[in-house]
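The structure appears below as structure tokens.
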Amino acid sequence: RKEVEQDPGPFNVPEGATVAFNCTYSNSASQSFFWYRQDCRKEPKLLMSVYSSGNEDGRFTAQLNRASQYISLLIRDSKLSDSATYLCVVKVTGGFKTIFGAGTRLFVKA
Amino acid sequence: EAEVAQSPRYKITEKSQAVAFWCDPISGHATLYWYRQILGQGPELLVQFQDESVVDDSQLPKDRFSAERLKGVDSTLKIQPAELGDSAMYLCASSLEVAAGYGNEQFFGPGTRLTVL
């Protein structure tokens, strides 16, 4: 079993739709959680950190469920420009291990 | 806005040759990471530095890969000899790491795309 697992997709949604991704992690010592966005052949860019209390930034909402060991990302009112791969990142306690998921591909169509 | 710099952006080499990549992190960032990303996969951590010290190189193929960060600022990743399977994007990232759980967002450079023929 992979330490961080994501549904690879692709998710194909129309503009204006709401879409949600989940990411599960296996190490209970995981401490920090992030969502990154990666455009084709570009570097990953930080989308948002995920806090225990959840985090919202405009159309994007991230949640953490420690009991079930998953994090989620909700995108409301999808835009064409949201088309990208969304990477889940988990950092284990001690700060010395960072694990990326394989990513979930999102296509938003007009 | 401060950025992570990497060079070269693209590198084409023949197998068995040596290649080297350079990274200059965001000023003041103590932690530097080198990742390898194969198309369709997430980045895989190769090595992590805290200042000039290696804190994790468990996934670095040490028979052919080496990394250094001599003065705790910029860093070099070397492959010698390169193999066909090394073709990938090599990404450098840095983070502030003020304390455990704080300031540990990573910021990535544009990457070096390596093609081994």
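Convention: sequence-line order gives letters A, B, ...; per-chain numbering from 1. Excluded from the calculations below are hydrogen atoms, water molecules and symmetry mates; all remaining heavy atoms, backbone and side chain alike, are included.
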Hydrophobic cluster membership, [X] vs [Y], 4.5 Å side-chain cutoff:
X: A:Tyr70; Y: A:Ile75; value: no
X: A:Leu64; Y: A:Tyr86; value: yes
X: A:Val90; Y: A:Phe21; value: yes
X: A:Ile99; Y: B:Leu46; value: no
X: A:Val19; Y: A:Leu47; value: yes

With the side chain counted from C-beta on, respond yes when B:Gln41 and A:Phe100 share a heavy-atom pair under 4.5 Å apart, and no when they do not. no
Check whether any side-chain heavy atom of B:Pro43 sits under 4.5 Å from a side-chain heavy atom of A:Val89, and report yes or no. no
Among side-chain atoms of A:Gln38 and B:Gln37, is any donor-acceptor pair under 3.5 angstrom? yes
If we ignore angles and hydrogens, is there a donor and acceptor under 3.5 Å between the side chains of B:Glu105 and A:Ser49? yes
Side chain, backbone, both or neither: which part of A:Arg105 has an atom under 4.5 Å from a heavy atom of chain B? neither
Chain B contact via A:Gln6 - which portion, at a heavy-atom distance below 4.5 Å: neither
Just verifying a value: how many Å separate B:Met89 CE and A:Lys42 NZ, rounded to the nearest 0.5 Å? 9.0 Å
Please rank A:Ala102, A:Pro8, A:Cys88, A:Pro44 by heavy-atom pairs under 4.5 Å with chain B and give me the top one. A:Pro44
Which residue is it: B:Phe107, B:Tyr35, B:Phe108? I am looking for the one with a side chain to side chain contact (heavy atoms under 4.5 Å, CB included) to A:Glu43. B:Phe108
Looking at B:Gly111, B:Gly42, B:Gly40, which makes the most heavy-atom pairs under 4.5 Å with chain A? B:Gly42
Would the number of heavy atoms belonging to other residues, nucleotides or ligands and lying under 6.0 Å from [atom1] of [X] be above 12?
X: B:Leu39; atom1: CG; value: no
X: A:Glu56; atom1: CD; value: yes
X: B:Lys78; atom1: NZ; value: no

Main-chain N/O of A:Thr98 paired to B:Tyr33 side chain as donor or acceptor, under 3.5 Å: no
